[in-house]
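A quick write-up on the structure given underneath.
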Amino acid sequence: MSPAAGLLEAAAASGRGGRWSRAARRAACLLAAAYGLRLVGPLLCRRLRRRAGGGQGELRQRHVASGGGDLPSPLSCPGALPPPPPSGRASPAANAEFFRQLLELRRILFPRLVGRESGWLGLHSAALVSRTFLSIYVAGLDGKIVKSIVEKAPRRFALQLIRWLLIAIPATFVNSAIRYLECKLALAFRTRLVEHAYRTYFADQTYYKVINMDGRLANPDQSLTEDITMFSQSVAHLYSNLTKPILDVVLTSYTLIQTARSRGASPIGPTLLAGLVVYTTAKVLKACSPKFGKLVAEEAHRKGYLRYVHSRIIANVEEIAFYRGHKVEMNQLQRSYKALADQMNLILSKRLWYIMLEQFLMKYVWSSSGLIMVAVPIITATGFADGELEDGQKQAMVSERTETFTTSRNLLASGADAIERIMSSYKEVTELAGYTARVYNMFSVFDEVKRGIYKRTAVSQECESSDKKRDKTERFVDGLLEIKGRVIDVDHGIICENVPIITPNGDVVVSRLNFKVEEGMHLLITGPNGCGKSSLFRILSGLWPVYEGVLYKPPPQHMFYIPQRPYMSIGTLRDQVIYPDSVDDMHEKGYQDQDLECILQIVHLNHIVQREGESSMGSFVGKGLEASTRPSQAVQVRGQPAGRGWDAVTDWKDVLSGGEKQRMGMARMFYHKPKYALLDECTSAVSIDVEGKIFQAAKGAGISLLSITHRPSLWKYHTHLLQFDGEGGWRFEQLDTAIRLTLSEEKQRLESHLAGMPKMQQRLNELCKILGEDSVLKTMGTEE
C-alpha cells in the first residue's frame, strides 16, 4: 500500500471512531477561518492607514530621496526630463474611466462584427476552451493511472499510460496553438490600430499640428510605435489570462462538487473555505498592490523622452560636432537615462515585495487549504466508508479513495492555478490601464487637433534665490484663441481681409493684414527677422489657422511652398524631382524621364543624372551577374540606360550640396506647375546668375511668385511689395525696382561711411593730444 493510501486509510479509521461529527468539523473550519481573519485584520488596517497617510507622495519622495528633486521642465533646465503634460485626469487605474477608454478603443479593434480580428478571437477562444476540457480529462486519467498502480494491475496501467501519451499529442498542439493565436491576435490588433493611427495622423496635416500647434504629445513617435505595440500585446495576453482561468474555475468547481455529491460528501464546507481564502487573499493583495498603471505610464513616458534625445542628437549631429557640444549632449542623455533607471528600479522594488506576498498567499496558504478541501470530503464521504467489508473489498475501496484523491487534487490544483492567474492579472490590468490611457490620449489629441482644438502648456518660473529650487507652475491654454476666421477656396487670386498673424503660443505678430495678389502679380515680401514673413506662408499653406477675417486662396494643389532647406525624401533621383508624387502619378500627368531631364536643365542640374549614372555603373560592374539584368529595365536617356541615373538610390540629403538641394526644390516647382509659388529664401545658396535664370523661367511658365528674399538682384522679378516693420505694421504697394535699388545703394554707402566715423574721430583726438593742439571737430564724448 502506498504512503498516501495509508494516510487516507488511517484518516478514515479515525473518522469511523466518531471523533469528529459533521457539524463539529464545519464549526472547526469556520472558527479557524475567523481566527485567521482576526490575525490578518489589524495588519490590513495599519497598512491602509499607512498608505492613506503617505502613499500619495511616495513616487515623488522616492525620486527626491535619490537626489533627483522635482523633475524640471525643458524650459527651465535644457536636457532634463519634462513631466508628462497634465491632462486633468486621475492616474491610470482599473476604474470606470479605464473601461470607458477600452470600450472606445474596441470600436477601432473590431470595426465590424465579422472580420479578421473576430476570426482570430474565435479561434483563440476555441483553443482556450479545448485546453480546459483536456485538463479535466488528463486529471481524471491521472487518477485512473494511480488507481491501477495501487491495485497492482499492470495491464490496465499500460493501457492508461498509452492513452495518456496519445492525449499528449493534441494537448501539446493546443498549448502551442494558444501561444500562436495570442500572437496573431495581438498582431491583428496592432495592425488595426496602426492603420487607424496613420490615417488620422496624416489627415489634414495633423502630423504638423500635433507637434507645432499642440503641446500634449511630447513624443508622437513613442505613442505610434511602442505604446500601440505594448497595448496590443497586453490586451491579447490579458484576454488569454482571464478567459481560460475563469472557464477553468467554473468547470473544475462543477466537477469537484459533482464528485463529492456522488460519493455522499457535502461540498458546502470546502466551498465556504475556498471562498473565504480567495476573498481574504484578494483583499490583502488589493490593499498592498502598488499603482502599477501610473508607474508603467511614467516609465513609458521616460523611455519616449530618452529616444527623443537620441533622435535629436542624430538630427543635429553636424552642428553639435562643430560646437564640440558632446559633453552637454552626453549629460542630457545621462540625466534622461538616470530618470528612466530610477523609475525602473522603483517598479522592480515594488514588484519584489508584492510578488513575495502574492506567492506566499497563493502557493503555500492555498496549498494547505487545498489539502483540507480534498481530504475532508474523502474522509467524511459515505461512499468511501469501509464498514463491514472483507479485506479484498477494503483494498478496492482504498484504490477508489486514492483515485478520487488524485483526480480531485489535480483538479483543485488546476482551479487554484486559474484563480491565481485571475488575481495576478490585476497587476496586468493596472499596467494595461497605463497603456490604454496613453493610446486613448493619442487618438483624442489627433481627433481634437484635426477639428482645430489646440492646447499648449504655459510654464512660468520663479527664482527665489540662487540656492533654492525653481518653482514651476504649468497650465493649459485652453480656448484662449478661438478660431473665428474663414478660409474660402477660389480659382483665382489670393486675398487677405483683416487676417491676423498669430503664432501657436498666442503672440500677435500682425493684428490685421489686408492685401490682394492676382494672377500675373509677383509679390516681394521683406522685413526684419521675426516680423511674420514665414508665418504668412504657414497661414497661406493651411498649417496655421485663420483666427479672424477671411482668407481667399486657391486650393492646395495650386500652391507650392519651397523652404530654404528643401526636404530630400528616401528614394530614387526621380522621386526627388516629382516629390510628393509617385511614379504612377508622374505617368498619369504625362511626364517621362526626358521631361524631367528638361526640368533639370532649367535649374542647371542635368549633370546629376549623368553623374549618378556613372557612379551606379561603377557599382554595377563590380556586382558581376547583376550587370546583366539591370540595364534591360532602363529607359534610354541621352544615349545611355536612364535607369542607372534616374533609378539611383542614395542618401540625397548628404550627396547633394546646399545649392543643389535648393535647385532641386525649384525643379519640383517646375514639375508641379502651380499657379502660385511660395519661395522662402529658397535660392540663398544659388549663384546670382543661375538664380536669375530660374526666376525668369518661373515667370515665363506663368507661375505667380511670392518671394521672401534679401537679395536686391531678385527685386526686378517682382511687381509688388509687402513690407513688414517688425512692430506689427506693414505696407502693401507696387514695387518700383529702380527707385528701390537706388535707395538701397544710398543706404549701403551711408552705412560704409558711418562705420568708419568713430575710428576717425578717435584718431583725431589722439593727434590733437600728441600735437597739443585743438580742433573744431574734436568730440568730447570719445574720451569718456
Side-chain angles (χ1 to χ4, degrees), residues 75 204-205 208-215 448-449 451-460 475-490 492-518 521-556 559 561 563-564 676-681 704-710 715 718-735 740 743:
L75 298 179
D204 298 332
Q205 297 172 325
Y208 172 85
K209 298 173 183 177
V210 164
I211 297 175
N212 292 277
M213 304 293 294
D214 196 274
E448 290 184 358
V449 167
R451 291 185 286 115
I453 302 174
Y454 309 115
K455 298 179 182 179
R456 296 188 67 87
T457 303
V459 182
S460 61
R475 61 181 178 86
F476 278 116
V477 183
D478 186 5
L480 182 61
L481 297 176
E482 184 178 357
I483 302 177
K484 300 179 181 179
R486 293 183 300 154
V487 179
I488 301 175
D489 288 341
V490 294
H492 306 285
I494 298 176
I495 304 175
C496 285
E497 294 182 355
N498 299 321
V499 175
I501 299 179
I502 303 176
T503 66
N505 290 328
D507 298 329
V508 180
V509 180
V510 177
S511 59
R512 292 286 187 274
L513 184 62
N514 294 275
F515 69 87
K516 180 178 181 181
V517 178
E518 298 178 350
M521 293 174 53
H522 305 283
L523 181 64
L524 175 67
I525 304 175
T526 62
N529 293 332
C531 65
K533 301 188 298 294
S534 299
S535 300
L536 175 61
F537 281 179
R538 296 186 183 102
I539 294 176
L540 294 178
S541 300
L543 301 182
W544 287 8
V546 178
Y547 290 103
E548 291 182 3
V550 183
L551 173 62
Y552 300 90
K553 69 179 187 63
M559 303 181 68
Y561 172 74
Q564 186 175 7
Y676 295 89
L678 312 179
L679 312 179
D680 190 356
E681 290 282 349
S704 297
L705 307 177
L706 284 76
S707 308
I708 298 175
T709 181
H710 295 287
W715 292 353
H718 299 84
T719 59
H720 290 75
L721 172 67
L722 176 61
Q723 183 171 339
F724 296 96
D725 59 9
E727 298 179 357
W730 57 273
R731 60 190 178 95
F732 177 74
E733 61 186 9
Q734 190 170 0
L735 176 62
R740 189 170 181 85
L743 296 176

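All values below come from the heavy atoms of this structure, side chains included, with hydrogens, waters and symmetry mates left out.
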**Report entry** Between CZ on residue R731 and CG on residue D725, distance to nearest 0.5 Å
**Finding:** 9.5 Å
Query raised in the report: What salt bridge (Lys or Arg N to Asp or Glu O under 4.0 Å) pairs are there with at least one residue in residues 533-550, not counting sequence neighbours?
Result: R512-E548
Requested in this report: Report the distance from atom CG of N212 to atom OH of Y454, rounding to the nearest 0.5 Å.
Outcome: 11.0 Å
**Report entry** Set of side-chain hydrogen bond (donor to acceptor under 3.5 Å, both in side chains) partners for T709, sequence neighbours left out
**Finding:** none
Requested in this report: To the nearest 0.5 Å, tell me how far L523 CG sits from L706 CG.
Outcome: 5.0 Å
Query raised in the report: Do any N or O atoms from the side chain of K209 and from the backbone of D204 form a donor-acceptor pair under 3.5 angstrom?
Result: yes
Report task. Taking all non-hydrogen atoms of both residues into account, name the closest pair between G728 and W730 and its distance. Result -> O-CD1, 4.1 Å
Query raised in the report: Could you walk me through whether N514 and F732 pass the side chain to side chain contact (heavy atoms under 4.5 Å, CB included) check?
Result: CA-CA 8 Å; N514 294 275; F732 177 74; over 6 Å; no
Query raised in the report: Taking atom CZ of F537 and atom CG of L678, what is their separation to the nearest 0.5 Å?
Result: 5.0 Å
Report summary line: Distance col, row L513:CG vs S535:OG, nearest 0.5 angstrom, shows 11.5 Å
Report task. Heavy atoms only: give me the nearest V546-V499 pair and the separation to one decimal. Result -> CG1-CG1, 4.1 Å
Query raised in the report: If only atom types and distance count, is the side chain of T719 paired as donor or acceptor with the main-chain N or O of H522 below 3.5 Å?
Result: yes
Query raised in the report: V509: what forms a side-chain contact (heavy atoms from CB on, under 4.5 Å) with it, not counting sequence neighbours?
Result: I501, T503
**Report entry** Which residues share a salt bridge (charged side-chain N to carboxylate O under 4.0 Å, His left out) with D680, sequence neighbours left out
**Finding:** none
Query raised in the report: Taking only residues two or more places apart in sequence or in another chain, which ones pass side-chain contact (heavy atoms from CB on, under 4.5 Å) with P554?
Result: I494, H558, M559, Y676
Query - Separation of D489 CG from L551 CG (nearest 0.5 Å) - result: 9.0 Å
Report summary line: Correct closest heavy-atom pair for C531 and G726 would be CB-CA, 3.7 Å
**Report entry** M213 and P504, any side-chain heavy atoms less than 4.5 Å apart
**Finding:** yes
Query - Intermediate values then yes/no, side chain to side chain contact (heavy atoms under 4.5 Å, CB included), W544 and I502 - result: CA-CA 9 Å; W544 287 8; I502 303 176; over 6 Å; no
Requested in this report: Could you tell me which residues satisfy side-chain contact (heavy atoms from CB on, under 4.5 Å) with I495, sequence neighbours excluded, listed by chain and number?
Outcome: E497, K516, Y552
**Report entry** Any N498 side-chain heavy atom under 4.5 Å of V550 side chain
**Finding:** no
Report summary line: Note: Q205 and L543 closest approach over all heavy atoms is OE1-CD2, 3.2 Å
